[in-house]
Structure formats: C-alpha cells, structure tokens
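Heads up, the thing below is written out as structure tokens.
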Amino acid sequence: MTSELLTIELNVANHPGVMSHITGLFSRRGFNLEGILCGRTGDGEKSIIFLLVNDGEQLEQIVHQLEKLYDVESLIVHKKFNPEAFTEIRSSLGIA
Amino acid sequence: MKYSGAEITIKLLERQGITTIAGIPGGANLPLYHALSGSSINHILSRHEQGAGFIAQGIARSTGKTAVCFATSGPGVVNLLTAIADAKLDSIPVVAITGQVASSFIGTDAFQEIDTYGLSLPITKHNFLVRSAEELLTVIPEAFRIAGSGRPGPVVIDIPKDVQNERIEISSWPLPGMPDAIEPIDDSVIRTAAQMINDAQRPLFYIGGGVIVSEASSLLREIIHEFSIPVVSTLNGLGTIADDDPLYFGMLGMHGARAANELVDSCDLLIALGVRFDDRATGKVSEFAPDAAIVHIDIDKSEFNKIKKNHCSVRGNVAEALSLLKDLLVKQQRSGWDAVVKAGESKLIAAQTKEGNVLHPSNVIRFVSSIAPGNTIITTDVGQHQMWVAQHYPFKHPRTLLTSGGLGTMGFGLPSAIGAALAHPDRTVICFSGDGSILMNIQELATVADYQLNVKVLLFNNGHLGLVRQQQELFYNKTYMAVKFIRNPEFAVIAAGFGIRSVTISDPSGVTKALPELLLQNGPALINVIIPHEYNVLPMVPPGAANRDTIGD
C-alpha cells in the first residue's frame with residue numbers, strides 16, 4: 001500500500017478559508033484525496049497540512065495546482081512516510 | 001483622520017487608478033455606494049449584475065488592465081458568478097467587490113445572505129472575505145496584485161456591511177497593488193527550446209491568449225518572418241497576427257480552417273505559445289499534432305503536460321521568452337515545409353470565397369469589416385455567429401476581438417461591448433450576436449442607451465439556437481429538440497423601446513444600403529439581419545474526433 005501512496009506536506013496561512021481552497025481544488029479537478037491531517041503550528045499564524053494521495057499520473061498536476069493556491073506557502077512531497085500517521089488517529093480515539 | 005471601511009475601499013480603488021466601476025447597489029453594499037458618491041470614479045449602473053461583470057470584462061479585455069465591478073449580497077452575487085467564471089476560464093483580470101451581510105449575521109440565513117466565499121472559490125484566482133476595516137488596507141492592493149500578476153484572473157472581495165461601516169484611523173495609505181515583476185526564464189531551458197526549433201524541419205506556432213496578455217504580438221510578427229515559421233491561432237489568439245499575413249493560417253480546431261488543422265497534423269515541432277490545449281482547439285488529443293515534438297511556453301506551469309505531454313516546458317512570460325528566442329534562433333532552409341505552407345495558403349484563399357448569398361453571415365461579416373473603421377472592436381456572443389466571426393472577420397490587431405472562449409457564455413457580447421465602448425469612447429464597437437444569445441442580456445440595451453455608447457449590435461436572426469440545431473442535424477439524426485423558437489420578438493420594437501435606432505434587413509440591398517447607414521452613424525444601433533436557419537458553420541470537426549476528420553468545406 002505504501003508504494004502507491006505518498007504524502008504532500010503543505011505549509012499554509014491559517015485562516016478559515018484555507019481548507020476549503022485545498023479540498024475544493026481536489027474535488028473540482030477530480031483528484032483523489034485519501035486522507036488529510038491538519039493542525040496549527042507556532043503562534044497560530046500558520047497551519048501544517050498533510051495530504052495522503054496516490055502516487056500516479058495526477059501527481060504533477062496536483063503539485064502544480066496546489067502551488068498556485070495563494071495561501072500555500074511551501075510544499076514538500078514525501079515519498080517516504082509512515083501511513084500509520086493517518087490511521088493512528090482512529091486508534092487513539094479507540095475506534096480502530 | 002478616520003475613514004469607514006467603505007471610504008477606505010473607494011479611496012484605494014481611486015489610488016489603484018480605477019476610473020469606471022459597473023455595478024448595482026443593494027442592501028449589503030449601501031455604504032460602498034454612499035462612499036462612491038463622493039468619488040471621482042464613474043459608476044455605470046447596469047441592469048443585471050451579470051451585465052456589470054461583463055462590462056468589467058469588456059474594459060479589462062480591451063485595455064489589458066484590471067477592471068472592477070460591484071454587486072450586493074445574495075442574488076447580486078449569484079447573478080455575478082457567470083461573469084466571474086467566464087473571466088477565470090479566459091484569464092481576465094477583474095476585481096469583483098461584493099457586499100455581504102454584517103459579520104454577526106453570517107451563517108444565520110439572513111436576508112440576502114449567500115456563501116459568497118464558498119461559491120466564488122472554484123471560479124476565482126483567489127477570493128477574500130474581509131474581517132475588519134484594517135484588513136482592507138492589505139486585501140485591496142493584494143487583490144489587484146493577484147488579478148494582474150502572471151496568468152491574470154478574477155478576484156472576489158466580499159465585504160460584510162459592518163466592515164464597510166467600521167471607522168478606523170488612517171495616517172498613511174498603502175501603495176497600489178501592482179503585478180509582480182516578470183520572473184527570469186531558465187537559460188538552459190530556453191536554449192533547448194531554441195535548439196529544437198532550429199533542428200525542426202516543419203515547425204509551427206500554435207498561439208493563444210497568452211501572447212496578447214504578454215503584449216508579444218509585434219515581436220512574434222517579427223520572429224515568424226525572420227525565421228519563416230507559420231502560425232495557427234486559437235479563438236482567443238485572433239488578432240495577434242494580422243489576418244492577411246502570408247504566414248498566418250487562421251484558427252485551428254473544431255471550427256478552424258482546414259489548412260490550419262492540416263498544418264498541425266503535418267508539423268514536426270509545435271511551438272505552443274500562451275495556450276492551454278483546450279479541447280475545442282485540439283480535437284481528439286491523441287491525434288493532435290501526431291508527428292510533432294512540443295515546446296510549450298507559458299506563464300502557468302500547471303498547464304504543462306495537463307492535456308498533452310510536451311518535450312520542453314518553458315515557464316515564463318511569452319514576450320520575454322520570444323525576445324530570448326529571437327537571439328538564439330537561426331535561419332533555416334526548409335524547402336519542403338515552405339512548399340506545404342505555400343499550398344496551405346492557396347487553400348485558405350479558396351476556402352474564403354465560397355458562399356454566394358450576400359446575406360450569408362460570412363459575407364455580411366466581411367462586408368462589415370470592409371466599412372468599419374480599422375480600430376473597431378468586435379465582441380461576440382456564443383454560437384454560430386461567433387464562429388463565423390472567428391472564421392471570417394479579418395482581425396488585424398490584438399484586443400480587437402472580445403469573445404467568451406473558455407466558458408462559452410451566451411449573453412457575453414452586449415455587456416462586454418459596453419465595457420469596451422466605455423474604455424474606448426473614440427472607437428466603434430460592434431457586437432455580433434444571434435437571436436438566442438442577445439436575449440440573455442438584452443436588458444443591457446438600457447445601459448447602452450443611458451450613455452449613448454457607440455455600440456452596434458449586429459444580430460444574425462435565424463429563429464433558432466443555431467449551433468445546437470446544427471449539432472442535432474449532424475449528430476442526432478436531424479431530431480430537432482428545443483432549438484426552434486416558437487416565436488421571436490420584434491427586435492426593431494425592442495430596440496425602439498430602449499430608444500435605440502434599428503433596422504431589419506432581409507434582402508441583399510439592405511446589406512449594402514441600410515446596414516452601412518446605421519453602422520457608420522455615431523451612437524447605439526441594432527441591426528437585425530434575417531438569415532436562413534439552414535446555414536451551418538463549416539468546416540466542423542465532430543466532437544471527440546481528430547481534427548483531420550473535418551466535415552464540410
């Protein structure tokens with residue numbers, strides 16, 4: 001499974017519309033989004049978002065379109081990551 | 001000194017150099033209009049917010065500068081959305097400033113409340129919901145910077161009424177927002193591109209709106225002649241190269257010139273300049289330029305490899321790229337290609353002198369072009385007339401054709417003509433339309449009459465939704481469904497009702513006598529040309545087919 005998935009780390013401005021911009025991009029361009037983790041960083045001015053996506057033909061477009069978003073300040077593609085990051089949340093809530 | 005959010009907004013727009021705003025007032029933008037009453041900015045009261053949006057587009061498309069429209073919350077915003085989406089698809093810099101219910105009412109389903117931010121998100125380059133008067137000082141210049149930078153596009157600024165009314169102390173004003181400086185182009189990439197062009201036996205330029213945006217028209221004209229490279233254009237690239245240029249082969253794609261599509265078919269290098277490989281241009285993508293390597297030059301890197309894999313991606317401003325290329329290109333002998341180009345040229349001429357009937361739109365359009373002043377601005381609606389204009393009007397200059405290419409919005413023509421006329425009061429503006437399209441924003445004839453603008457509406461009236469009828473004839477077994485109007489209004493009476501001169505033309509003598517009489521008078525006019533509904537736009541590539549599989553002509 002890990003060979004097909006990768007995560008994109010986004011550093012974004014923290015305001016109420018940011019998540020809509022990112023998820024809206026995925027829905028309107030027909031990109032698949034397998035998971036999202038998001039949280040504030042530092043003094044709350046910024047957020048960090050991890051997107052779980054398929055490593056496929058769409059990746060170049062996904063990256064380029066994300067980089068165009070006004071609130072996205074930097075983007076890193078992590079081919080190596082621990083997918084449990086996305087499932088641990090469930091277990092930490094006692095539902096997995 | 002203390003200023004309200006509304007006053008700050010207007011002040012910043014003035015400092016931004018905005019002289020005209022189209023819009024409609026309502027409950028949630030009353031403070032903005034109150035502030036506007038004390039401003040030097042000229043307000044154009046349209047009759048529908050979509051009209052206001054397209055008026056702003058007409059200004060932006062004809063000048064290249066960011067233009068502004070206003071709407072109130074709720075229905076005002078929803079009415080505006082079509083024009084915003086249209087601006088997004090054709091990369092037009094527009095800043096739309098919308099009133100919103102007061103912050104404390106947001107989310108309560110208040111009167112005329114709508115989620116402007118959510119609705120505008122997928123159809124804007126960026127959007128803002130302003131949370132304080134203080135924020136306006138950064139948001140407004142920033143909106144102009146975003147709209148005009150790189151690949152232009154629309155920006156929505158949603159301002160709640162309480163923010164418009166909030167008063168804050170201002171000691172100094174921010175600088176106006178300006179487009180970002182042009183980024184340098186990667187030297188090794190441009191060298192690769194130049195090498196590919198120098199090595200090509202059959203190079204071809206495929207150009208689009210990005211060439212006009214970057215004001216690269218005259219530079220491109222120099223380059224194609226110096227290095228003998230032919231050109232085909234998209235709908236929104238028309239005017240970049242003069243129609244009578246021997247190296248210019250017209251529009252490619254679904255309703256493109258056969259010669260243009262044939263050149264694309266046979267080239268071995270396609271130099272894609274400020275284009276996005278739209279399906280109306282490419283036809284079946286796998287069969288588009290099948291023998292060609294592709295050099296794609298564009299400011300927006302997300303266009304690279306989006307539709308078709310290319311072999312060299314040059315990210316940057318098209319004018320900048322061309323000026324670098326000019327020094328790197330080498331004159332080549334390409335006798336085989338020159339012969340093909342020459343043959344295509346004569347085919348193009350043959351294709352242009354076919355229709356006998358004076359009332360055929362292609363002939364009317366060419367006749368109009370022969371009597372209209374050279375700097376006339378043409379706008380179109382969407383449908384058969386639009387394609388006939390694209391095929392037959394001999395455009396000579398950039399920004400003389402304003403047309404809805406990406407979204408294909410019927411109703412675009414009249415209000416965008418208003419915008420063009422406001423921005424160019426010394427020029428004639430002709431809106432070619434159809435009896436289907438014109439009724440979609442007919443109310444803006446009132447705006448034309450208000451300001452006695454030099455806008456001529458030339459209506460090709462066939463009693464049908466002609467382009468849909470054509471598709472039903474060709475691809476749906478002549479089963480006509482919902483394409484013939486049960487009855488059509490008397491357009492002469494409509495024009496008279498708005499106080500606009502008009503004439504209805506149904507015979508050839510009308511074209512040669514009444515049409516020029518009205519067209520060459522100053523002020524608004526509506527020319528209603530009755531045409532047979534059987535005329536089809538040809539050539540045509542069936543949807544989904546390869547561009548070489550052309551029907552007709």
Side-chain angles (χ1 to χ4, degrees), chain A residues 4 6-34 36 38 40 42-49 51-79, chain B residues 85 88-89 91 100 103 106-107 115-132 135 138-139 141-158 160 177 180 183 276-277 285 296 298-310 313 315:
Chain A
E4 296 165 23
L6 49 76
T7 63
I8 299 173
E9 174 187 340
L10 301 173
N11 290 281
V12 302
N14 179 22
H15 70 82
V18 175
M19 197 56 114
S20 309
H21 272 279
I22 290 161
T23 54
L25 176 68
F26 276 75
S27 57
R28 106 172 163 274
R29 299 234 174 231
F31 301 148
N32 290 323
L33 183 54
E34 308 293 335
I36 307 177
C38 178
R40 296 192 332 169
D43 58 3
E45 290 264 299
K46 309 282 173 206
S47 295
I48 187 162
I49 298 175
L51 304 175
L52 186 65
V53 301
N54 289 303
D55 183 7
E57 272 191 7
Q58 287 184 327
L59 185 64
E60 179 185 349
Q61 265 295 301
I62 292 172
V63 169
H64 285 166
Q65 294 292 355
L66 282 170
E67 281 176 339
K68 280 208 295 188
L69 291 179
Y70 179 80
D71 292 312
V72 171
E73 291 168 8
S74 65
L75 180 155
I76 306 164
V77 176
H78 298 284
K79 297 229 174 193
Chain B
K88 176 67 161 56
L89 275 173
S91 306
Q100 180 56 282
S103 307
I106 289 180
D115 177 12
T116 302
Y117 189 86
L119 285 169
S120 60
L121 191 145
I123 56 167
T124 50
K125 190 170 175 189
H126 192 60
N127 57 355
F128 294 98
L129 170 57
V130 183
R131 282 155 205 289
S132 67
E135 251 185 51
T138 51
V139 164
E142 192 62 354
F144 280 88
R145 185 188 69 77
I146 296 167
S149 292
R151 178 179 183 172
V155 178
V156 165
I157 307 175
D158 197 32
D180 294 336
E183 286 174 39
R276 58 183 178 85
F277 293 77
V285 176
H296 192 176
D298 204 279
I299 193 88
D300 180 359
K301 70 177 173 185
S302 67
E303 290 303 333
F304 300 141
N305 305 316
K306 185 182 84 175
I307 304 293
K308 199 160 170 79
K309 282 265 174 246
N310 64 51
S313 308
R315 181 174 180 258

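We name chains A, B, ... by the order of the sequence lines, and we start the count at 1 in each one.
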Rounded at 0.5 Å granularity, tell me how far CD in B:Glu303 sits from CD in A:Gln61. 7.0 Å
Taking the side chain as every heavy atom from C-beta outward, state whether A:His21 and B:Asn127 have any atom pair closer than 4.5 Å.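 The answer is yes, as the side chains (C-beta and beyond) meet within the 4.5 Å cut-off.
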Do A:Arg29 and B:Ser302 have side chains that approach each other closer than 4.5 Å (heavy atoms only, starting at C-beta)?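 In short, these two side chains do not touch, never coming nearer than 4.5 Å.
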Using only heavy-atom distances, determine whether the side chains of B:Asp300 and A:His64 contain a donor-acceptor pair under 3.5 Å. no
CZ of A:Arg28: more than 12 outside heavy atoms within 6.0 angstrom?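 More than 12 within 6.0 Å, yes.
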Counting only heavy atoms not in A:Glu73, do more than 12 sit closer than 6.0 Å to its CD atom?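 Atom CD in A:Glu73 is crowded, with more than 12 foreign heavy atoms closer than 6.0 Å.
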Atom group of B:Leu129 that falls short of 4.5 Å from chain A, counting heavy atoms: neither
Minimum heavy-atom separation for A:Ser20 to B:Leu121, with atom names?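 Reported closest heavy-atom pair: CB-CD1, 3.5 Å.
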Kindly give the heavy-atom pair with the smallest separation between B:Arg131 and A:Pro16, and that separation in Å. NH2-CG, 3.6 Å
If I measure from the heavy atoms of chain B, does A:Glu67 come under 4.5 Å with its side chain, its backbone, both, or neither?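 The side chain, not the backbone.
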Could you tell me how the ring of A:Tyr70 sits relative to the ring of B:His126: parallel (under 30°), tilted (30 to 60°) or perpendicular (over 60°)?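 Because their plane-to-plane angle lies in the 30° to 60° range, the rings of A:Tyr70 and B:His126 count as tilted.
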Closest-packed option against chain B by number of heavy-atom pairs under 4.5 Å, given A:Gly24, A:Gly17, A:Ser27: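 The answer is A:Gly17.
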